[in-house]
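Contents: one structure, followed by commentary.
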2 protein chains.
Amino acid sequence: MSKRNAILEVATQLFSKNGYKETSMAELSLLTGAARGTIFHHFKNKEDIFLNILKNVQENILSSFQQHKETTAYNNGMEMVEGVTVYYLNLAGVMEDQFLLLHRHYPYQMAETNPICRSYLESVYNCLLDIFEEGISIGIKDGSVKVKSARNTAMVLFAMVDGVVRLNTYSLYHAGSLYNELMASCRSILSSEHGTTSVTLNDSKELN
Amino acid sequence: MSKRNAILEVATQLFSKNGYKETSMAELSLLTGAARGTIFHHFKNKEDIFLNILKNVQENILSSFQQHKETTAYNNGMEMVEGVTVYYLNLAGVMEDQFLLLHRHYPYQMAETNPICRSYLESVYNCLLDIFEEGISIGIKDGSVKVKSARNTAMVLFAMVDGVVRLNTYSLYHAGSLYNELMASCRSILSSEHGTTSVTLNDSKELN
DNA sequence: TAATCAACCGAATGATCGGTCGGTTTTTTA
DNA sequence: TAAAAAACCGACCGATCATTCGGTTGATTA
């Protein structure tokens, strides 16, 4: 493998497992066998390495879901959302490092000042939310899904699925056994007959 | 305010907004008006500051929910879970810094080697999951909630609610308008008639 | 009032950080 | 095969890091 790819691969692991600031060029040099100077020959600076990694993450996730959509057929919208959820869980396992990187705060912090970083992140989240939304929209039309807003439900659904993945990465609980409950919850949300009106508990209906 | 409290307060903001490693003692000194030496007079080292903050976070969250339980009555389990959810959303707004700190990776990284840190985190999550589980268990008994496993459902529910809070902190989307969908999804999950058997989509039923 | 002690200060320290640079080796190209 | 280009190296640099330390101040106590 080329030194450049080795650097990107090791850096992905270090950035995701230990964090960006917590990863030193010395450590990266040691684990790749590339001299310090070599790293800066291939990349402008540390941030450039991070952006290249994030670019790979974005491309991997987008192409994975693209391929999934092209190679999988569903009977209705509900089954599509279920399939996408399962595929997401699988991907979070296969691309563990990349997903962990997306679950760290550093990318979003960098996104506040770096528009390229922000575009990568937006691209990823738009892709994920779009595919959930698409399934829901199809489901609403074919009658397999009953919800008010396709986009908002997609966001809540995504927050739930992604939240379980996160819960797993914090090694406080073994969330691996939540698969059945997660899928059941997914179906419950989508086949809901509940309205959105009867809540009278509190006046702060806006998360701030 | 005493210098010690000022240090803890400012450090909470800096650690949560910018991160642990990204916060220097120089910055902390500047923003508190306390000299570098003064900080190390009050705290053994940087990690000690972090642990003191985490201790405060744990105590605040536990006492908040303790007070909530003592001062609020519900007609049934379903309403209790709804109430707890709303209370959680409120608290995430009121204690924004503390929740952001819990949503960073550093605490969980430290927890892997520091048992005190780990105990604080476990205490927080046990408290949160317990109160969700309690509502679900009561709901199962009184018939307002229909799910298989109270604990597992509590975890999925928590993952969803907390996931929406997270989605809000990443400033990619304005998740503040998801309140209605979130509460509707909460009710849907709890009043589910769905089983957990009909999934045949994939052989990887374990998140890894 | 003398002694004690905690709060407070900021210059100094050694380690580590990201990044540079001049030079060597290897590969590609003409 | 000669020249040009790309890959690679590690000593070196200035900046920044957490932490230390000798000393001052202000309140409490004996």
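Every chain is numbered from 1, with letters handed out A, B, ... down the list of sequences. Just so it is clear, the structure is predicted and the values come from calculations on it, not from any experiment.
For B:Glu47, the side chain to side chain donor-acceptor pair (under 3.5 Å) partners two or more places apart in sequence, or in a different chain, are B:Asn114. For A:Lys17, the salt bridge (charged side-chain N to carboxylate O under 4.0 Å, His left out) partners at least two apart in sequence or on another chain are A:Asp97. Residues forming a side chain to side chain donor-acceptor pair (under 3.5 Å) with A:Gln98 (at least two apart in sequence, or on another chain): none. In terms of the ring-ring contact (aromatic ring centres under 6.0 Å, His included) criterion, residue partners of A:Tyr88 (sequence neighbours excluded) are, by chain and number, A:Phe99, A:Phe158.
Atom CG in A:Leu30 sits roughly 12 Å away from atom P in C:dC17 (whole-Å rounding). Counting to the nearest Å, the P atom of C:dG19 and the NE2 atom of A:His42 are 16 Å from each other. Per the geometry, CG belonging to A:Asn5 stands 16 Å off C1' belonging to D:dA6, to the nearest Å. For the pair A:Ile49 CD1 and C:dG18 P, the interatomic distance rounds to 9 Å; values are reported in whole Å. Between the CG atom of B:Leu28 and the P atom of C:dG10 there is a distance of 15 Å, rounded to whole Å. We find that CZ of B:Arg4 is positioned 13 Å from C1' of C:dA6, with the value rounded to whole Å. Between the NE2 atom of A:His41 and the P atom of D:dG10 there is a distance of 15 Å, rounded to whole Å. A straight line from CD1 of B:Ile39 to C1' of C:dA11 spans 15 Å, rounded to a whole angstrom.
With a 6.0 Å radius and a threshold of 12 heavy atoms from other residues, nucleotides or ligands, A:Glu22 has its CD atom above the threshold.
The phosphate of C:dA6 has neither OP1 nor OP2 within less than 4.0 Å of any side-chain N or O from B:Lys3.
Annotation: ring-ring contact (aromatic ring centres under 6.0 Å, His included) contacts involving residues 36-55 of chain A, sequence neighbours excluded, comprise A:Phe15-A:Phe50, A:Tyr20-A:Phe50, A:Phe50-A:Tyr106.
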Requested in this report: Classify every nucleotide of nucleotides 13-27 of chain D by which part a protein heavy atom approaches to under 4.0 Å, writing B for the base, S for the sugar-phosphate alone and - for neither, in 5'-to-3' order.
Outcome: ----SBBBB------
